[in-house]
> 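Before I ask anything, let me first share the structure, which is written out below as structure tokens.
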Amino acid sequence: MADQLPSRSENFSEWYNTIVQRADLADYGAAKGTMIIKPYGYALWENIQTYLDKRFKKHGAKNAFFPTFIPLSYIQREKEHVEGFTPNLWLVASGGGETLEEPYAVRPTSETTINMTVRNWIHSYRDLPLLLNLWNSCFRYELRTRLFLRTSEFLWQEGHTFHASWDEANEYALAILTDAYLDFYANAAAMPSLAGRKSEKEKFPGADITYTLEQMMGDGRALQGCTAHNLGHNFAKSFDIRYLDRGNELQYAATASWGLSTRAIGAILMTHGDDKGLLMPPRIAPTQIVIVPIFGKHADPAPVLAAAKQLARELADYRVEIDARDDKSPGFKFNDWEMRGVPLRIEIGPKDIEKNQVVLARRDTGEKKFVSNAELLAQVAQTLDSIHDTLYARAKKFQDDHTFSVDTYAEFQARTAGEGGAGFLMAHWCGNRECETAIQQETKATIRCIPFVQTKEAGKCIRCDGASQERVVFAKAY
RNA sequence: CGGGGCGUGGCGCAGUCCGGUAGCGCGCUUGGUUUGGGACCAUGAGGCCGGAGGUUCGAAUCCUCUCGCCCCGACCA
């Protein structure tokens with residue numbers, strides 16, 4: 001009897017920490033705060049990459065690579081940017097035993113090094129837009145780390161784009177947010193998102209506007225699933241990126257940047273799943289279907305194994321694994337793959353072979369049914385789609401059930417009291433940073449975003465009674 | 001950097017108070033019986049007890065120093 005998992009409903013945080021390691025997604029690295037992504041976890045990342053990469057390219061972005069080491073003076077060039085990132089910066093002080101004349105920053109993000117380079121690539125409006133994307137890792141010094149959610153080094157993509165005007169940069173950032181990220185979360189990860197923009201306090205250092213998708217995790221905490229920034233002319237001015245427009249006038253370019261990291265894996269894990277373990281969304285699941293051959297009593301295992309392999313060939317369009325381990329019982333395998341979150345299981349034994357059928361078992365509902373070989377392909381396709389829809393619907397319902405309109409600070413404090421998440425709290429806010437900071441200090445809740453979609457209504461700030469024209473979303477966040 | 005806890009086979013732990021040369025569960029090896037919801041019997045392998053120094057005839061155990069990790073707080077783009 002294997003150890004029981006911690007209960008997801010009763011101890012969410014322990015459940016997460018245990019499942020990430022037990023499902024072989026990731027492990028701790030030797031250096032403090034670093035993460036080893038194991039094959040099962042990396043396969044999930046590769047599926048995320050494949051999905052997103054296509055959409056970025058559809059929007060004209062081209063992949064490139066920029067160095068990990070960045071001269072410190074580059075980072076220091078944009079005022080807000082350096083202030084924002086200094087607490088998280090790793091520096092390389094020596095190389096080859098020699099102290100460096102100027103330390104290198106280990107990229108916390110590539111805005112500066114990209115801008116220093118691209119300023120020489122752009123001379124004319126004909127060079128715009130310039131649309132780059134990098135798949136790499138970045139490094140941020142962190143005091144408290146958690147696998148996938150916050151580590152000292154993590155994988156991500158960072159897009160950096162250069163445009164002729166502020167509006168064009170803005171449109172591009174929004175296009176990526178909705179056509180790439182929102183689409184990915186909804187149609188690949190089976191996750192609803194709350195789209196909006198960040199408050200001044202929460203936005204990216206150096207951005208004019210930061211757009212975000214906020215998702216609700218299974219414990220009612222919020223997680224920022226990605227960001228897209230309209231950097232306006234800030235970096236172009238700091239790095240002197242100018243071009244000649246059609247009227248032969250020198251203009252500053254406008255820039256945007258946008259990113260999604262391996263934190264998305266954490267988001268997927270914390271959105272789906274139950275007390276049995278993980279539940280991978282079918283379209284990006286590392287293994288979509290596991291075939292468990294049942295070797296019957298006193299029967300020859302060879303025909304069963306052969307039938308399982310034949311099944312796998314028929315299902316070649318899917319990511320399929322056959323669990324032919326002969327030292328594990330079927331019951332153990334069922335539990336094992338359920339813990340790992342494989343959405344669909346096919347059981348095949350001697351009795352099924354006689355009857356030209358298999359057993360289809362879905363991870364989300366636990367439902368098991370016999371399916372004839374003739375109907376198998378259609379049933380598999382339909383069931384995987386149905387699991388995706390079920391996961392999305394569940395997550396949406398959970399988000400809706402944990403979204404509250406809050407009109408008094410007393411209720412706000414009551415909802416944010418205690419250890420766990422508080423859901424999304426839609427409340428009026430005067431727009432002042434002082435109030436925002438005070439609310440955070442008093443309740444641990446932060447403004448996650450100012451949603452794009454909401455009914456405009458006048459109201460009073462939850463804390464100071466100041467005038468407000470729209471609600472913002474507060475939550476306790478990861 | 002404060003406050004608390006912990007370092008003992010791959011993993012989880014007991015043993016530490018009352019010093020006598022290391023044990024349990026899981027996993028792993030091999031053989032056999034099993035296999036439709038977490039199988040069983042037998043067998044075997046595996047440990048500088050985080051590190052250094054000290055006390056002692058003798059240290060996982062007592063003393064001193066040191067290194068590392070975890071939790072809470074501070075920090076978090």
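Residue numbering restarts at 1 for every chain, and letters A, B, ... go by the order of the sequence lines.
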> Roughly how many Å is it from NZ in A:Lys328 to P in B:C26, rounded to a whole number?
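It is 13 Å, rounded to the nearest whole Å.
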> Expressed in angstrom and rounded to an integer, what is the separation of A:Asn17 atom CG from B:C11 atom P?
17 Å
> Is the distance from the ring center of A:Tyr211 to that of A:His229 below 6.0 Å?
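Distance test on ring centres: not under 6.0 Å, no.
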> Check side-chain contact (heavy atoms from CB on, under 4.5 Å) between A:Ala308 and all other residues, then give those that pass, not counting sequence neighbours.
A:Ile291, A:Pro293, A:Ile322, A:Ile348
> Between B:G36, B:G37, B:C28, which nucleotide gets closest to the side-chain atoms of A:Ile294?
B:G36
> Which one, B:G36, B:G37, B:A39, comes nearest to the side chain of A:Pro330?
B:G36
> Look for any protein N or O under 3.5 Å of an N or O in nucleotides 6-8 of chain B and output each such pair with its distance, or none.
none

> So A:Val292, base contact, sugar-phosphate only, or nothing? Heavy-atom distance under 4.0 Å.
nothing
> Is any side-chain N of the basic residue among A:Arg463 and A:Glu442 closer than 4.0 Å to the acidic one's carboxylate O?
yes
> Are the charged groups of A:Lys198 and A:Glu214 less than 4.0 angstrom apart, N to O?
yes
> For A:Arg146 and B:C69, give me the distance from atom CZ to atom P, rounded to whole Å.
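Between P of B:C69 and CZ of A:Arg146: 19 Å.
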> Provide the full list of side-chain hydrogen bond (donor to acceptor under 3.5 Å, both in side chains) pairs with a residue in residues 332-342 of chain A, sequence neighbours left out, each pair given once.
A:Asp24-A:Arg340, A:Asp323-A:Trp337, A:Arg325-A:Asp336, A:Asp336-A:Arg340, A:Glu338-A:Arg345
> Please give me every residue in residues 302-310 of chain A whose heavy atoms get under 4.0 Å of an atom in RNA chain B, ordered by residue number.
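When residues 302-310 of chain A is checked for heavy atoms under 4.0 Å from RNA chain B, there are no hits whatsoever.
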> Write down the partner of B:C76 under the Watson-Crick or G-U wobble criteria, each distance required to be under 3.5 Å.
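Pair assignment: B:C76 / none.
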> Going by salt bridge (charged side-chain N to carboxylate O under 4.0 Å, His left out), name the pairs with one or both residues in residues 83-92 of chain A, residues two or more places apart or in two chains.
A:Lys79-A:Glu83
> Using both distances under 3.5 Å as the test, list the Watson-Crick or G-U wobble partner of B:U61, or none.
none
> Over all strands shown, is A:Arg325 touching base, sugar-phosphate only, or nothing at heavy-atom distances under 4.0 angstrom?
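Touches nothing.
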> Provide, to the nearest angstrom, the distance between the CG atom belonging to A:Asp27 and the C1' atom belonging to B:C70.
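Distance check: A:Asp27 CG to B:C70 C1' gives 15 Å.
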> Measure centre to centre between the rings of A:Phe139 and A:Trp90, then say whether the value is under 6.0 Å.
no
> Taking the P atom of each, how far is B:A59 from B:A45, in whole Å?
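It works out to 27 Å between them.
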> Give one of base, sugar-phosphate or nothing for A:Lys198, where a contact means two heavy atoms less than 4.0 Å apart.
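If one applies the 4.0 Å heavy-atom cut-off, A:Lys198 turns out to touch nothing in the nucleic acid.
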> Quick check on the 6.0 Å ring-centre criterion: do A:His81 and A:Phe235 meet it?
yes
> For the side chain of A:Lys333 and the base of B:G36, is some donor closer than 3.5 Å to an acceptor across the two?
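No, the side chain and the base share no sub-3.5 Å donor-acceptor pair.
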> Just how far, in rounded Å, is P of B:U35 from CG of A:Asn335?
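In whole Å, B:U35 P lies 18 Å from A:Asn335 CG.
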> Apply salt bridge (Lys or Arg N to Asp or Glu O under 4.0 Å) to A:Lys203 and A:Glu436, showing your working.
CA-CA 13 Å; A:Lys203 75 179 187 185; A:Glu436 186 180 0; over 6 Å; no
> Nearest whole angstrom, please: distance from the P of B:G10 to the OH of A:Tyr28.
20 Å
> Report the nucleotide, chosen from B:G36, B:C28, B:G37, that has the shortest atom-to-atom distance to any side-chain atom of A:Asp327.
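So the nucleotide nearest the side chain must be B:C28.
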> In Watson-Crick or G-U wobble terms, both distances under 3.5 Å, what is the partner of B:U56?
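No nucleotide pairs with B:U56.
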> Measure CZ/A:Phe295 against P/B:G37 and give the value in whole Å, please.
15 Å
> Yes or no on salt bridge (Lys or Arg N to Asp or Glu O under 4.0 Å) for A:Lys368 and A:Glu347, after CA distance, side-chain angles and deciding distance?
CA-CA 10 Å; A:Lys368 279 170 92 153; A:Glu347 303 167 22; 3.0 Å; yes
> Just how far, in rounded Å, is P of B:C11 from CG of A:Asp24?
14 Å
> Using only modelled atom types and a 3.5 angstrom limit, is any donor from either the side chain of A:Asp336 or the base of B:G38 paired with an acceptor on the other?
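Flag unset: no donor-acceptor pair detected.
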> Taking B:C6 as the reference, what is the distance to B:C13 when you measure between their P atoms (whole Å, please)?
12 Å
> Do the side chains of A:Glu470 and A:Arg197 get close enough for a salt bridge, i.e. N-O under 4.0 angstrom?
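Looking at A:Arg197 together with A:Glu470, the answer is yes, because their closest N to O distance falls below 4.0 Å.
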> Name the pairs: protein N/O against N/O of nucleotides 74-77 of chain B, kept only if under 3.5 Å.
unit_1: B:A74; atom_1: OP1; unit_2: A:Lys444; atom_2: NZ; d: 3.1
unit_1: B:C76; atom_1: O2; unit_2: A:Arg150; atom_2: NE; d: 3.0
unit_1: B:C76; atom_1: O2; unit_2: A:Arg150; atom_2: NH1; d: 3.0
unit_1: B:C76; atom_1: O2; unit_2: A:Arg150; atom_2: NH2; d: 2.9
unit_1: B:A77; atom_1: O2'; unit_2: A:Arg140; atom_2: NH1; d: 2.9
unit_1: B:A77; atom_1: N7; unit_2: A:Gly84; atom_2: O; d: 3.2
unit_1: B:A77; atom_1: N3; unit_2: A:Lys203; atom_2: O; d: 3.4
unit_1: B:A77; atom_1: N3; unit_2: A:Pro205; atom_2: N; d: 3.1

> If pairing requires Watson-Crick or G-U wobble contacts with both distances under 3.5 Å, which nucleotide is the partner of B:G7?
B:C67
> Among A:Tyr172, A:Phe239, A:Phe162, which one satisfies side chain to side chain contact (heavy atoms under 4.5 Å, CB included) with A:Thr255?
A:Phe162
> Between A:Glu338 and A:Asp326, which has a closest nucleotide on RNA chain B that is more 5'?
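The residue mapped nearer the 5' terminus is A:Asp326.
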> Could you tell me which nucleotide pairs with B:C40 by Watson-Crick or G-U wobble geometry, both distances under 3.5 Å, or answer none if nothing does?
B:G32
> Any ion pair linking A:Lys476 and A:Asp219 (charged N to carboxylate O, less than 4.0 Å)?
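A:Lys476 and A:Asp219: not salt-bridged.
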> Closest approach to the side chain of A:Ser329, judged atom by atom: which nucleotide of B:A39, B:U35, B:G37 is it?
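So the nucleotide nearest the side chain must be B:A39.
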> Quick one: label A:Pro293 by what it contacts on the DNA or RNA (base, sugar-phosphate, nothing), any heavy atom closer than 4.0 Å.
nothing
> Minimum heavy-atom separation for A:Gln215 and A:Gly225, please, with both atom names.
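Scanning both residues, the minimum pair turns out to be OE1-CA, 3.3 Å.
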